[in-house]
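As the structure lists them, so they are numbered: ligands from 1, and atoms in each ligand from 1. Just so it is clear, the values below take in all heavy atoms, side chains as well, and ignore hydrogens, waters and symmetry mates.
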Amino acid sequence: MSIKLIITKDYEELSARAAGVIARQVKEKPNSTLGLATGSSPIGLYDCLVGMEQAGELDFSQVRSVNLDEYVGLGAEHDQSYISFMKEHLFDRISIDQNNTHLPDGHAADLDAEVRRYDAVIDSMGGIDIQLLGIGHTGHIGFNEPGECFTKGTNVVELDPMTIEANARFFASEADVPRRAITMGIGSIMQAKKLLLVANGEGKAEIVYRALFGPITPAVPASALQLHQDVVVVIDEAAAKVIRERT
Ligand code: GLP
């Protein structure tokens, strides 16, 4: 396996280090295709990228992006849709042309057609240069819950009860959390040229250990990363607790 593991003292340093990996990619190839992610973990990293462009160190005007996932039934009108998240935390704050940003359409009437359209979007960009990932408590990447095979492209998934519970904090109640999502598959993610996973906090320590050091198994979707040839993992000390204890 070729996972480069970076353990930082805290979330602030994690965000800066991970932003540095993406910044290097954009400097080397200004029209890079970035695979982007939502969730609380990458928020600090996005803030760093915004700061770098404001300081004149980075230029997003030629960058293209594809996001991992979107809730079925939510769109730009809902503040918890992933399109809203991306606009709030990144797209509305940088020079990227929003016509070059892509997410699955949570309102698509024909989900099968939407899945095919999204795979074609990724293909039309010549693949993803670097894919950013968080990790769910179930070990999910994107919304690929335990049990998914590692070869799938974009698909529609049922969310795991643990994920619904974890994401309920963003909605008025657990009942309001959508039950389904459209997500890039693990196969799509594995085809990215480079992967960058970020995780922080003690709550992620056990699953991060299992993903990076446990058996490679669909029971832990993020364990697929062990099969990729170019992975950078940036975690803080709290998320590294179990790795420190057992390795
Ligand atoms: C969400 C997203 C994932 C994200 C994960 C962890 O449901 N679909 O892409 O990585 O769960 O979220 P957080 O970073 O808030 O812990």
Side-chain angles (χ1 to χ4, degrees), residues 8 10-12 14-15 18-19 22 34-48 65-74 78-86 88-90 102-106 118 128 130-146 148 152 154-171 174 176-186 188-190 192 195-212 220-225 231-236 238-241:
T8 64
D10 57 19
Y11 181 66
E12 199 183 337
L14 174 160
S15 300
I22 293 184
L34 305 181
L36 299 175
T38 53
S40 50
S41 310
I43 290 177
L45 174 171
Y46 290 149
D47 287 342
C48 289
S65 73
V66 281
N67 260 77
L68 283 169
D69 47 14
E70 180 61 282
Y71 290 112
V72 169
L74 301 194
H78 195 289
D79 63 355
Q80 290 308 322
S81 67
Y82 285 166
I83 176 66
S84 297
F85 176 101
M86 290 309 301
E88 178 187 347
H89 292 287
L90 192 67
H102 303 275
L103 284 93
D105 177 6
Y118 204 64
I128 298 166
I130 183 166
Q131 176 64 56
L132 174 63
L133 299 166
I135 182 170
H137 292 96
T138 58
H140 75 215
I141 46 176
F143 264 133
N144 296 284
E145 300 286 15
E148 290 291 344
K152 273 191 187 167
T154 304
N155 63 110
V156 177
V157 293
E158 302 282 332
L159 301 191
D160 189 280
M162 202 193 276
T163 301
I164 293 169
E165 195 187 322
N167 289 3
R169 68 191 194 276
F170 300 116
F171 292 82
E174 199 171 306
D176 293 320
V177 182
R179 268 37 188 174
R180 291 190 300 165
I182 308 170
T183 183
M184 268 187 214
I186 297 176
S188 331
I189 293 168
M190 291 295 282
L195 301 178
L196 170 62
L197 180 116
V198 291
N200 61 287
E202 201 176 325
K204 296 281 174 72
E206 176 70 30
I207 197 65
V208 167
Y209 168 79
R210 289 173 62 200
L212 304 185
V220 181
S223 66
L225 268 60
V231 186
V232 179
V233 176
V234 190
I235 57 176
D236 66 358
K241 188 166 178 269

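More than 12 heavy atoms of other shown residues, nucleotides or ligands fall within 6.0 angstrom of atom CD in Glu174.
Rounded to the nearest 0.5 angstrom, Ser188 OG and Asn155 CG are separated by 7.5 Å. The OG1 atom of Thr38 lies 7.0 Å from the CG atom of Leu68; values are rounded to the nearest 0.5 Å. Summarising the geometry, atom CD belonging to Glu145 is positioned 10.5 Å from atom CD belonging to Glu158; distances are rounded to the nearest 0.5 Å.
Regarding atom 12 (O) of ligand 1, its nearest protein heavy-atom neighbour is Gly39 CA, 3.9 Å. In terms of protein heavy-atom proximity, atom 6 (C) of ligand 1 is closest to Ile135 O, 3.5 Å. Ranking protein heavy atoms by distance to atom 14 (O) of ligand 1, first place goes to Ser41 OG, 2.5 Å. Atom 2 (C) of ligand 1 has its closest protein heavy atom at Tyr82 OH, 3.7 Å. With respect to atom 4 (C) of ligand 1, the closest heavy atom belonging to the protein is Thr38 O, 4.0 Å. With hydrogens left out, the protein atom closest to atom 8 (N) of ligand 1 is Asp69 OD2, 3.0 Å, a heavy atom. In terms of protein heavy-atom proximity, atom 7 (O) of ligand 1 is closest to Asn167 ND2, 2.9 Å. Gly142 O, 3.5 Å is the protein heavy atom nearest to atom 3 (C) of ligand 1.
Near Phe143, meaning under 4.0 Å from any of its heavy atoms, are these atoms of ligand 1: 7 (O), 8 (N). Ligand-side atoms of ligand 1 in range of Gly134: 10 (O), range being under 4.0 angstrom from any heavy atom.
At a heavy-atom cutoff of 4.0 Å, ligand 1 is contacted by the side chain of Arg169 but not by its backbone. Contact annotation: for His137 versus ligand 1, there are no heavy atoms closer than 4.0 Å. Contacts of Ile141 with ligand 1, taken as heavy-atom pairs under 4.0 Å, are absent altogether.
Residues Met184 and Ile128 form a side-chain contact, since some pair of their non-hydrogen atoms from C-beta on lies under 4.5 Å apart. Counting heavy atoms from C-beta outward, Lys241 and Tyr209 have side chains that stay 4.5 Å or more apart. The shortest distance between side-chain heavy atoms of Pro178 and Leu74 falls below 4.5 Å.
Polar contact check, Ser40 against ligand 1: a nitrogen or oxygen pair lies under 3.5 Å apart.
Comparing His140, Glu70, Lys204 by heavy-atom distance to atom 1 (C) of ligand 1, the nearest is His140.
Ring geometry, Tyr71 versus Tyr82: the interplanar angle falls from 30° to 60°, so the pair is classed tilted.
The side chain to side chain contact (heavy atoms under 4.5 Å, CB included) test with Ser41 singles out one residue from Asn200, Val234, Ile135, and that residue is Asn200.
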May I have the step-by-step check of side-chain contact (heavy atoms from CB on, under 4.5 Å) for Glu70 and Ser81, ending in yes or no?
CA-CA 7 Å; Glu70 180 61 282; Ser81 67; 3.8 Å; yes

